[in-house]
Amino acid sequence: MGKHTLEELNHIQANFNLPEKDYIFSPLNDGYINDTYVSENKTPCYILQRINHNVFKDIEGLMGNIDRALKQLNGNGYQEIDLIRTTSGKYFLSDNSGFWRVMTYINNSTAHNTTTETKVAFEAGRIIGKFHLLLKSVETNDFVDTIAQFHDLDLRESQFNEALSNAASTKLEIAKTAIAFSQRMLGQLKELQTTDLPIRICHNDTKLNNILFSKKTNTALCLIDLDTLMKGYFHYDFGDAIRTIVNTAPEDEQEHSKITFEKNLFVAFTEGLATNERFLTQKEIDNLPLGAIVMPFLHGIRALTDYLNNNIYYKVAYENQNLDRCLSLFDFTQKAFDELDYMRDSVSSLLKPL
Ligand code: GN1
Ligand code: MG
């Protein structure tokens with residue numbers, strides 16, 4: 001049952017405005033941050049989630065962002081998700097066990113951790129584009145930053161440097177290849193950085209398994225896990241999708257020969273994105289290949305930092321999981337870097353600017 005008993009979960013869910021009681025819950029173990037349960041014994045089904053307050057400090061602001069975005073995220077090939085209010089009319093419950101929310105679960109939906117299918121990659125591109133189109137006209141300043149500077153490379157670099165100065169010497173020795181890679185890549189990426197890109201409301205965690213697909217048709221339905229929905233640049237969402245779609249191995253794959261940059265999946269994703277009405281500027285399009293390198297690198301350096309800090313941020317299934325994730329993410333970063341010219345040619349032939 002995960003960390004909570006059936007009684008606890010029913011007790012929590014009873015605070016939400018739902019007609020029926022006595023749900024049976026099963027844990028969803030995919031995330032590194034929140035505790036997530038799905039109740040499937042009654043129709044309609046629900047997702048009950050404990051929001052990690054250690055990671056997300058401003059729960060009120062976070063839920064306000066989600067409510068605001070969900071009002072736009074529906075219709076026209078994008079399946080809506082509803083937040084359920086508590087009996088006192090709020091979108092989350094705060095009690096001594098933490099902060100909880102309930103939302104509708106989409107029946108006959110599924111998520112993929114990895115894929116080898118171009119149809120899945122295409123659909124992922126299409127739905128991420130649709131998500132951005134639906135949010136294109138919102139007032140970005142109405143949204144709070146749920147994690148300040150979440151994808152800011154300079155912040156991640158200084159956190160890494162701090163971890164380096166505090167880490168045990170055994171860890172520095174074990175991680176020395178990863179540390180050297182970080183230092184080299186930080187230098188290279190700084191030279192390539194672009195400024196003056198438009199600020200958009202982004203999802204900021206568009207890994208493949210945050211996209212729901214229809215079980216029957218494999219059509220993409222919508223994006224889930226909106227905790228990091230806030231201001232950002234489009235290449236964040238592009239890069240996070242590419243790192244989990246174009247690489248057919250899982251994020252913590254230890255056998256690096258299995259980590260690949262699949263060109264056909266890159267093209268399929270980009271073609272799916274291009275089926276949407278145009279919304280990207282030329283400068284954003286030019287910056288996408290860099291996003292596909294920066295995002296895996298950024299996740300890798302965050303995992304490395306957490307390894308050096310003794311796993312204080314991510315939930316880990318075993319002691320060295322953060323290091324394995326880092327090494328795997330860095331391996332993909334290098335493989336994407338090697339395809340920079342290929343990515344530049346593809347995006348400029350497939351995507352048309354505004
Ligand atoms: C974390 O828990 P999950 O999987 O939704 C992380 C994301 C990473 C992801 C996988 C708030 O999200 O940035 O992409 O792990 N979320 C946060 O690496 O740190
Ligand atoms: Mg997440």
Side-chain angles (χ1 to χ4, degrees), residues 2-3 27-38 47 49-59 61-63 65-66 81 98-99 101 103 111-114 124 128 144-153 155-156 159-160 163 178 202-212 222-233 235-247 249-253 259 291-307 309 311-317 320-333 336:
K3 285 191 202 157
L28 284 178
N29 290 323
D30 290 336
Y32 292 102
I33 305 290
N34 294 326
D35 300 320
T36 308
Y37 300 89
V38 56
I47 295 281
Q49 200 164 40
R50 181 173 178 273
I51 312 166
N52 186 326
H53 186 40
N54 194 28
V55 168
F56 298 106
K57 309 291 180 199
D58 177 8
I59 308 275
L62 177 153
M63 292 307 293
N65 282 358
I66 295 181
I81 290 178
F99 294 89
R101 67 179 164 218
M103 58 210 138
H112 307 287
N113 288 321
T114 56
I128 288 173
V144 302
D145 286 345
T146 60
I147 300 179
Q149 297 173 276
F150 188 49
H151 291 326
D152 182 340
L153 203 53
L155 173 77
R156 299 309 182 184
Q159 291 173 333
F160 167 63
C202 295
H203 180 283
N204 290 308
D205 193 12
T206 45
K207 52 187 182 145
L208 178 59
N209 67 10
N210 273 339
I211 300 173
L212 287 188
C222 61
L223 272 67
I224 52 169
D225 186 6
L226 304 181
D227 294 331
T228 51
L229 183 144
M230 59 180 147
K231 291 191 268 288
Y233 299 120
H235 70 267
Y236 295 165
D237 282 357
F238 182 86
D240 250 341
I242 294 303
R243 77 175 177 90
T244 50
I245 293 169
V246 171
N247 170 16
E251 194 178 289
D252 58 355
E253 177 61 60
I259 298 172
I293 299 166
V294 170
M295 294 312 292
F297 175 67
L298 196 129
H299 287 293
I301 201 169
R302 287 176 59 199
L304 176 58
T305 301
D306 201 39
Y307 168 77
N309 286 339
N311 309 324
I312 53 175
Y313 183 86
Y314 295 109
K315 291 194 234 169
V316 289
N320 281 0
Q321 189 181 16
N322 268 317
L323 183 61
D324 288 340
R325 280 181 60 220
C326 158
L327 291 169
S328 157
L329 284 155
F330 282 176
D331 188 79
F332 183 74
T333 303

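As the structure lists them, so they are numbered: ligands from 1, and atoms in each ligand from 1. Just the heavy atoms: all of them, side chains too, but no hydrogens, waters or symmetry mates, feed the values below. FYI, the numbering just counts along the sequence from 1.
When heavy-atom distances to ligand 1 are checked against a 4.0 Å cut-off, K315 has no atom that comes that close, whether in backbone or side chain. Neither the backbone nor the side chain of D240 has any atom closer than 4.0 Å to an atom of ligand 1 (non-hydrogen atoms only). By the criterion of a heavy-atom distance under 4.0 Å, both the backbone and the side chain of I33 are placed next to ligand 1.
Inclusion of N34 in the set of residues having an N or O under 3.5 Å from an N or O of ligand 1 is not warranted. The shortest N or O to N or O distance between N210 and ligand 1 is not under 3.5 Å. Between N204 and ligand 1, not a single N/O pair is under 3.5 Å apart. Not one N or O of Y314 is nearer than 3.5 Å to an N or O of ligand 1, by distance alone.
By the ring pair (Phe, Tyr, Trp, His ring centres under 6.0 Å) test, Y313 is found to be paired with no residue, residues two or more places apart in sequence or in another chain being considered. Applying the ring pair (Phe, Tyr, Trp, His ring centres under 6.0 Å) criterion to F330, with sequence neighbours excluded, gives F181, F297.
Between the D237 side chain and the N204 main chain, a donor and an acceptor come within less than 3.5 Å of each other. Put simply, the side chain of H203 never gets that close to the backbone of Y236: no donor and acceptor are under 3.5 Å apart.
Here the closest non-hydrogen pair linking L327 and A178 is CD2-CB, 3.9 Å. Minimum heavy-atom separation, N210 to D205: ND2-O, 2.8 Å. Here the closest heavy-atom approach between residue D252 and residue D324 is recorded as O-CB, 4.2 Å.
Counting the atoms of ligand 1 from 1 in the order shown, those under 4.0 Å from a heavy atom of F56 are 11 (C). Ligand-side atoms of ligand 1 in range of I147: 11 (C), range being under 4.0 angstrom from any heavy atom. Near R325, the atoms of ligand 1 lying under 4.0 angstrom from a non-hydrogen atom of the residue are 10 (C), 18 (O). For ligand 1, the atoms sitting less than 4.0 Å from at least one non-hydrogen atom of E251 are 10 (C), 18 (O), numbered in the order shown with element in parentheses. Shown in contact with R243 at under 4.0 Å from a heavy atom are these atoms of ligand 1, numbered in order with element: 10 (C), 14 (O), 18 (O). Atoms of ligand 1 lying under 4.0 Å from at least one heavy atom of Y313, given by number and element, are 11 (C), 17 (C), 19 (O).
Using modelled atom types and a 3.5 Å distance limit, the side chains of Y314 and R302 yield a donor-acceptor pair.
If you take CG on L304 and NE2 on H299, they are separated by 14.5 Å, rounding to the nearest 0.5 Å.
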